[in-house]
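First comes the structure, then the notes that go with it.
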Amino acid sequence: MRKLLIATVLAAGLPGVVSADPRQLLPGATLGDQVQFTSHGPVVIHVLTAPRPTGLWSLQPVLSNEAIPGTERLTAIEKRLSPGLTVAGVGGDLFNAQSGSPSGMLMRAGAIDHDPISTRSSIGVDAQGALHVDRVGLFGTWQGTGPRRTLNAVNDSASSNAVSLFTPAYGAATPPATGDVELVFPSFPAAAPNTELRAQVALVNQGGATPIPPQGAVLAARGTAGQKLLVEAPVGQTLKVRLILKPDWTGMVSALGGGPVLVRNGHAIFRANEAFTNPQLLPRAPRAAVGQLADGRIVIASVEGGVPGYSTGMTNFELAGAMVRLGAVTAAALGSGPQAAMAFDGQLVGRSADPAVADALLLGYAGVYAPEPLEPVLSPNGDGIAEKQSLAYRVVRSSDVSASLIGPDNVARYAFIGHVAPGTYPLDWPGTKPDGTPELEGTWRWLVNATDDLGRASTIERRFQLDLTLGFPKPFGGTLTIPRATARTVATFTLIHSATVTTRIETTSGVLLKMLDKRRLDPGQIAVGWDGIADSGALVYSGRYLAEVIATNEFGTVELASAFTVQRLLSPH
């Protein structure tokens, strides 16, 4: 249906937006695709909408490889998290291409893992699941035996005569730095903002590459700041560190860098005056954004770009307009370019390549998850197509589970009730009765309820059709030679039940070439004939094509296709 809508709009030369019906990813979370038709070409947007991030839901930045330097593929990050969460999201902040370090703010579990850029927006999430977009600055200090002195950076190399705090989030050791003076703290509090952090100096090192204790930290200084560190923080001295945020962001649980701000109070921001260059804002490119709707739901948008004829991308202001149309009252941009790709449960969405990112912004769900059934339409008729259904559910904590496969008559054919450990539990079902004959045709439901060891209840339902209406596709076994005077049968299908039948020809990539017929048919054989001429009147080229049949009746809609080969003869001279 989505392909037909797009083809209709393209053929008519109409501006506007075509939206496919959103599909359920998780309970309360959907993924929808939009195609905007503009004067500069189509733009494809993937829109992820999920509940307010509280309870079973979270919205959190995730650090690549659990270390500040380096990058990790977006799908690899999601797969790494899958034992504990079902996640979906996009790449996060812009990052340093050489080091892989995030550009701006990173806060996880209330601790600062990287300092913000005060001239750009940071994106925060508080304990009530509210999204905040503000320009946040870090005002850090350290104090030994002397006065309070400036602390310039967290988990980033500071400039000359400056001081940096390195926590275990940075990695195994500080970066090599000739001349650095580094204080080692075997034990150091979590780097929470707006509080005094105290720790005792155990070791003084110089030259960088100092191991960072797993529960500790390292304070590194250069130039004149290093001399002050040596004098005012000897071994055994208790140091006091403060990481003051302005605004203070009280109650913030997590945050990451981003920007510029796109939507404020429901209105698109044309010029945010943040520290971004015109080449970062003005070209049409792949882009990503996060926003919050008035009812608290989160919306994440991923815009594909750079592919003429498929998706040209958006400017930053066009992205702001798109977020307003999606209903966001607050929104901010995330990284642009390849890192704007979206993935769900370790699988990419759309045509984007799998990006290497420094961090990702992910929606996490801790309830029961069931992937979509392997076969949207099950047809156990012996033709070798869609003969067996594969179902499953996954829990990420120990849970009491009830799982049922329920037929059109509301009678369960499979039921399980019991306590299960975290993991994935599959069910393969043949779609047949004990005597081997097909089960009832119609809508089947895979229903799973779970209550985890924290007392949190969740449920998910997946549906599929059992439909024997159409089957047994057979190619004609030869090559369709064109041009020709009359149509030739390129495939046959068997219709078991009366249905409204559409026949057409497509390319192997799904582009519609010819609508052949649509009518109500009784059971019997369906022959698909074609003369090699597309709806445009053009003769097609040699290659592989698909003869497709779509049958609709009271049981639902089923589609089958059969491939065949076309040989186009050269015109005689």
Side-chain angles (χ1 to χ4, degrees), residues 1-14 18 20 35 309-310 375-379 381-387 441 465 467-573:
M1 180 59 69
R2 178 168 164 266
K3 288 188 290 186
L4 286 173
L5 286 171
I6 293 173
T8 300
V9 175
L10 284 173
L14 299 174
V18 174
V35 181
Y310 170 66
E375 303 293 349
V377 180
L378 184 64
S379 179
N381 57 8
D383 65 0
I385 301 172
E387 296 285 344
E441 294 179 85
Q465 299 297 120
D467 192 344
L468 305 172
T469 296
L470 188 63
F472 303 94
K474 293 182 181 179
F476 73 100
T479 299
L480 176 64
T481 302
I482 57 174
R484 60 185 303 110
T486 59
R488 177 176 175 180
T489 298
V490 293
T492 60
F493 301 81
T494 300
L495 189 67
I496 303 300
H497 304 305
S498 297
T500 299
V501 175
T502 300
T503 57
R504 61 190 192 183
I505 304 296
E506 292 186 352
T507 67
T508 54
S509 62
V511 176
L512 176 64
L513 294 176
K514 182 75 172 182
M515 286 290 293
L516 298 172
D517 192 20
K518 181 177 181 180
R519 54 180 171 158
R520 186 76 179 180
L521 295 178
D522 292 327
Q525 293 294 305
I526 302 172
V528 180
W530 190 40
D531 58 7
I533 299 175
D535 278 333
S536 65
L539 198 65
V540 301
Y541 291 98
S542 297
R544 295 283 284 175
Y545 296 88
L546 297 176
E548 185 175 44
V549 174
I550 304 170
T552 302
N553 57 17
E554 67 273 20
F555 301 119
T557 298
V558 59
E559 302 180 19
L560 281 181
S562 179
F564 63 96
T565 302
V566 170
Q567 182 181 8
R568 178 171 170 172
L569 300 179
L570 296 175
S571 300
H573 295 284

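Quantities reported herein were computed from a predicted structural model and do not represent experimental measurements.
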Can you confirm whether [X] sits close enough to [Y] that some side-chain heavy atom of one is under 4.5 Å from a side-chain heavy atom of the other?
X: Gln465; Y: Val558; value: no
X: Val540; Y: Arg568; value: no
X: Asn381; Y: Phe472; value: yes
X: Thr492; Y: Ser562; value: no
X: Glu559; Y: Val377; value: no

Restricting to non-hydrogen atoms, name the atom on [X] and the atom on [Y] that form the minimum distance, rounded to 0.1 Å.
X: Val490; Y: Ala547; value: CG2-CB, 3.9 Å
X: Pro473; Y: Phe493; value: CB-CE2, 3.4 Å
X: Ser498; Y: Asp522; value: OG-OD1, 3.4 Å

Notebook entry, point to check: Tell me, which pairs form a side chain to side chain donor-acceptor pair (under 3.5 Å) where one or both residues lie in residues 469-486, sequence neighbours left out?
Noted result: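 Qualifying pairs: Asp467-Thr469, Thr469-Asn553.
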Supply the atom-to-atom distance [X] [atom1] to [Y] [atom2], rounded to the nearest 0.5 angstrom.
X: Glu441; Y: Ser379; atom1: CD; atom2: OG; value: 8.0 Å
X: Met515; Y: Thr503; atom1: CE; atom2: OG1; value: 7.5 Å
X: Leu470; Y: Leu495; atom1: CG; atom2: CG; value: 6.5 Å
X: Glu548; Y: Thr502; atom1: CD; atom2: OG1; value: 9.5 Å
X: Leu546; Y: Thr507; atom1: CG; atom2: OG1; value: 7.5 Å
X: Phe564; Y: Arg544; atom1: CZ; atom2: CZ; value: 9.0 Å

Notebook entry, point to check: Counting only heavy atoms not in Arg520, do more than 12 sit closer than 6.0 Å to its CZ atom?
Noted result: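 Result for CZ/Arg520: enclosed.
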Next item on the list: Given side-chain contact (heavy atoms from CB on, under 4.5 Å), test Arg504 with Ile550 step by step and report yes or no.
Entry: CA-CA 9 Å; Arg504 61 190 192 183; Ile550 304 170; 3.8 Å; yes
Taking only distance into account, with no hydrogens and no angle test, what donor-acceptor pairs under 3.5 Å do side-chain atoms of residues 523-533 form with protein atoms, sequence neighbours excluded?
residue : atom : partner : partner atom : Å
Gln525  : NE2  : Thr494  : OG1          : 3.0
Trp530  : NE1  : Ile533  : O            : 3.0
Asp531  : OD1  : Ile533  : N            : 3.0

Checklist line | Qualifying residues under side chain to side chain donor-acceptor pair (under 3.5 Å), relative to Ser542, sequence neighbours excluded | finding: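 For Ser542, no residue satisfies side chain to side chain donor-acceptor pair (under 3.5 Å) once neighbours in sequence are set aside.
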